[in-house]
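To keep things clear, I will list the structure first and then write my remarks on it.
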Amino acid sequence: MDTAAPRTTGPITYREASLDDVPVLVPLVESAYRGDSSRGGWTTEADLLEGQRTDAEGVASVITAPGSRLMVVERDGDIIACCQLEHRGDAAYFGMFAVRPELQGAGLGRQIIAEAERRVRELWDAREMHMTVISVRAELIAWYERRGYRRTGRMTPFPYGDERFGVPQRDDLEFELLVKELV
């Protein structure tokens, strides 16, 4: 990933990722969630998980899977964020959301999620947006609740023992399903 500071003003554009983007997207996602660089933003999971958040194979599979899109967000040609959109019947799934840590907290995430919701209504006539969030991430869940998502209480276990998703630093991790009705 380009280490030069991206511009913090100027128009942002959206496009679908291609396989050529994988070498930039993997470090973007890693920087938003893991390691010391992630501590520059507020979405870090560094105290919960060590190791990788994703890898080239994982990002490529999101790009190439049927019914899946990886939306890239650019400013002046620099990739500054991304998110996964996946068609699941009447719903869409929102995942792999990453914003460069130094750009977090300035409203960019709000813009991106609004665009993602607009796109899944347009692409697939989705009635709901679903996502899963690690249930102990209270600040992140509260942020999504302010965007209209509601907690469902439906939990799925964290994949302990599968280091493709990271190395847990505690034994109480699980994912909670959050849902927003799209009108």
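- Under a hydrophobic-cluster definition in which Ile, Leu, Val, Met, Phe, Trp and Tyr are linked whenever side-chain heavy atoms come within less than 4.5 Å, directly or via other members, Y149 and L177 are assigned to different clusters.
- Taking the side chain to side chain contact (heavy atoms under 4.5 Å, CB included) definition, one finds that A142 meets it with E145, R146, sequence neighbours left out.
- Using a 4.5 Å heavy-atom cutoff, the side chains of F97 and I112 are in contact.
- Listed here is the closest heavy atom pair of V62 and S68: O-OG, 2.7 Å.
- Residue pairs meeting the ring pair (Phe, Tyr, Trp, His ring centres under 6.0 Å) criterion with at least one partner in residues 57-82, sequence neighbours excluded, do not occur; the list is empty.
- Taking each heavy atom of A116 and L85 in turn, the nearest pair found is CB-CD2, 3.7 Å.
- Within the structure, every pair that satisfies the ring pair (Phe, Tyr, Trp, His ring centres under 6.0 Å) test and touches residues 109-137, not counting sequence neighbours, is listed here: H87-W124.
- Taking CG of L103 as the reference point, atom CG of D78 lies at 9.5 Å (rounded to 0.5 Å).
- In this structure, the side chain of R147 engages the main chain of W143 through a donor-acceptor pair within 3.5 Å.
- Between the side chain of E174 and the main chain of T156, no donor-acceptor pair closer than 3.5 Å is present.
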Start with the C-alpha gap between D21 and R15, add the side-chain angles, then the distance that decides, and say whether salt bridge (Lys or Arg N to Asp or Glu O under 4.0 Å) holds.
CA-CA 11 Å; D21 296 316; R15 65 174 175 83; 2.7 Å; yes
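- Under a cut-off of 6.0 angstrom, the local environment of CZ in R118 is crowded, with over 12 non-hydrogen atoms contributed by other residues, nucleotides or ligands.
- Tested against E45, the residues R170, R39, R34 include a single salt bridge (charged side-chain N to carboxylate O under 4.0 Å, His left out) partner, R34.
- Residue S135 comes nearest to R151 through the heavy atom pair O-NH2, 3.8 Å, listed as atom of the first residue, atom of the second, then distance.
- The shortest distance between side-chain heavy atoms of Y144 and V133 falls below 4.5 Å.
- Contact check for M71 versus R119: side-chain heavy atoms found under the 4.5 Å cut-off.
- Rounding to the nearest 0.5 Å gives a distance of 9.5 Å between SG of C83 and CE of M131.
- Using modelled atom types, one side-chain atom of Q169 and one backbone atom of V167 make a donor-acceptor pair closer than 3.5 Å.
- Rounded to the nearest 0.5 angstrom, R100 CZ and S38 OG are separated by 14.5 Å.
- For R75 (side chain) and G10 (main-chain N/O), a donor-acceptor pair under 3.5 Å exists by modelled atom type.
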Can you check side-chain contact (heavy atoms from CB on, under 4.5 Å) on R53 and V26, steps first, answer last?
CA-CA 9 Å; R53 171 68 161 69; V26 172; over 6 Å; no
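- Between K180 and E128 there is no side-chain heavy-atom pair separated by less than 4.5 Å.
- To the nearest 0.5 Å, atoms CG (L70) and SG (C82) are separated by 5.0 Å.
- The hydrophobic cluster containing F165 also includes L48, L49, I134, V136, F158, Y160, L173, F175, under a criterion of side-chain heavy atoms closer than 4.5 Å among ILVMFWY residues, counted directly or through chains of members.
- The side-chain contact (heavy atoms from CB on, under 4.5 Å) test with V59 is passed by exactly one of L19, L25, V24: L25.
- How far CG of L182 is from CZ of R127: 9.5 Å, rounded to the nearest 0.5 Å.
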Kindly list each side-chain donor-acceptor pair under 3.5 angstrom involving residues 88-96, sequence neighbours excluded, with atom names and distances?
residue, atom, partner, partner atom, Å
R88, NE, E86, OE2, 2.9
R88, NH2, E86, OE2, 3.3
Y93, OH, T132, OG1, 3.0

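- For D162 (side chain) and P159 (main-chain N/O), no donor-acceptor pair under 3.5 Å exists by modelled atom type.
- The minimum heavy-atom distance between R121 and A126, with the atom names listed, is CG-O, 3.7 Å.
- With hydrophobic clusters built from ILVMFWY side chains whose heavy atoms lie under 4.5 angstrom apart, I113 shares a cluster with I141.
- In this view, Q52 and E30, D55, R164 satisfy the side chain to side chain contact (heavy atoms under 4.5 Å, CB included) rule, not counting sequence neighbours.
- Once rounded to the nearest 0.5 Å, the distance linking CD of E176 with CE of M155 reads 4.0 Å.
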